[in-house]
Amino acid sequence: VPAAPPAPLGCDDPESEAAAAAAVNYINGHSHHGYKFALNRIEDIRVVPQGPNNEIMFLELDLLETECHILSPTPLENCTVRSFAEHAVEGDCDVKLQKVDGTLSVLASKCHSHADSSEDILKVCPDCPLLASLNNTEVLETVSAALNDYNSKATDAYLRLLEIGRAKVQYHPAHIVVAEFAVGATNCSSEDAKANVGACQLLPEDQSNFGFCTTTMVKRPSQDLQVDCQLYGHQVPAPDIPLLSQDTS
Amino acid sequence: SVTKRAVAVAAQHDKVPRPVGFVPPPPPCPGKIRHFDI
């Protein structure tokens with residue numbers, strides 16, 4: 001009598017969790033923008049045997065954005081998942097993996113991320129500021145002012161903007177713009193930049209030094225600008241995963 | 001005359017008798033939520 005087919009894998013089985021961990025590691029390793037994502041839920045798993053010790057796995061994953069920018073060297077397990085009230089961002093991913101002799105490799109992945117609906121946030125937290133569009137004029141002005149302010153006071157390399165990660169604009173009780181953005185060190189000192197900022201280019205990949213800044217600009221009732229930048233230091237890019245491409249806007 | 005039995009009663013009778021304390025296994029998917037559902 002032919003052996004009964006193996007019971008379908010459950011989404012919380014250790015084998016499924018191992019596949020999901022490999023998938024999340026791959027997704028974060030091949031993403032060049034935004035934040036690292038953490039696993040929130042394995043929605044579904046389907047296994048298609050290909051022969052002895054060889055199977056294809058199809059995973060449907062529900063991820064949540066963390067507070068770590070994708071360029072941060074912080075290990076994912078140390079990255080805090082963005083709280084619901086901070087206007088969480090969810091990632092829905094379909095991943096195809098192959099498992100041969102117990103070794104997992106990702107064959108393909110496709111993800112779509114979206115912020116939680118404003119209604120959901122306001123239902124739970126009526127006063128929570130919501131995510132603003134990244135090309136919001138106030139956001140762009142705040143990031144530009146913050147980076148200029150930081151560069152004008154810095155004594156080390158002149159920093160260039162790589163990308164804005166997220167931003168919020170609050171109007172009540174005060175008018176406040178909060179933003180987070182990624183930066184890269186250039187081949188200029190701040191002094192050089194004052195003379196000829198056009199000559200300041202991001203350092204080549206083998207010397208790259210990226211960082212992350214947060215800024216809060218209070219516009220009313222009084223003007224105040226706070227900016228804090230942390231440079232990660234040079235990281236050796238993993239062989240098959242180039243760090244952020246130099247042409248990143 | 002035909003009498004219509006309440007569905008609940010019919011279902012009760014048709015249900016396969018289960019051992020006392022039987023707890024159906026959780027559905028295999030979707031899995032547990034690790035942080036929060038949005």
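Keep in mind that what you see is a predicted model, and the values were worked out from it rather than measured. The sequence lines fix the lettering, A, B, ..., with proteins before strands; numbering per chain opens at 1.
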Only counting residues at least two apart or in another chain, list the ones meeting side chain to side chain donor-acceptor pair (under 3.5 Å) with A:Asp13.
none

Quick one: side chain to side chain contact (heavy atoms under 4.5 Å, CB included) partners of A:Asp44, sequence neighbours excluded?
A:Glu60, B:Cys29

In Å, rounded to the nearest 0.5 Å, how long is the span from CD of A:Glu90 to NE2 of B:His35?
12.0 Å

I need the A:Arg41 CZ to B:Lys32 NZ distance, nearest 0.5 Å.
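Going from the CZ atom of A:Arg41 to the NZ atom of B:Lys32 covers 11.5 Å.
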
Under 3.5 Å donor-acceptor, A:Asp116 side chain and B:Ile38 backbone:
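Not confirmed, A:Asp116 side chain does not pair with B:Ile38 backbone.
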
Of all of A:Leu64, A:Asn40, A:Asp62, which one pairs up most often with chain B through heavy atoms under 4.5 Å apart?
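Heavy-atom pair counts peak at A:Asn40.
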
Please classify the contact between [X] and chain B as side chain, backbone, both or neither, with a heavy-atom cut-off of under 4.5 Å.
X: A:Arg82; result: backbone
X: A:Ser16; result: neither
X: A:Leu9; result: backbone

What is the minimum heavy-atom distance between A:Phe84 and B:Phe36, and which atoms define it?
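Result for this residue pair: N-CZ, 3.6 Å.
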
Quick one: closest heavy-atom pair of A:Cys11 and B:Gly31, and the distance?
CB-N, 3.4 Å

Tell me whether A:His114 at atom NE2 has more than 12 heavy atoms from other residues, nucleotides or ligands lying less than 6.0 Å away.
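Above 12, so yes.
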
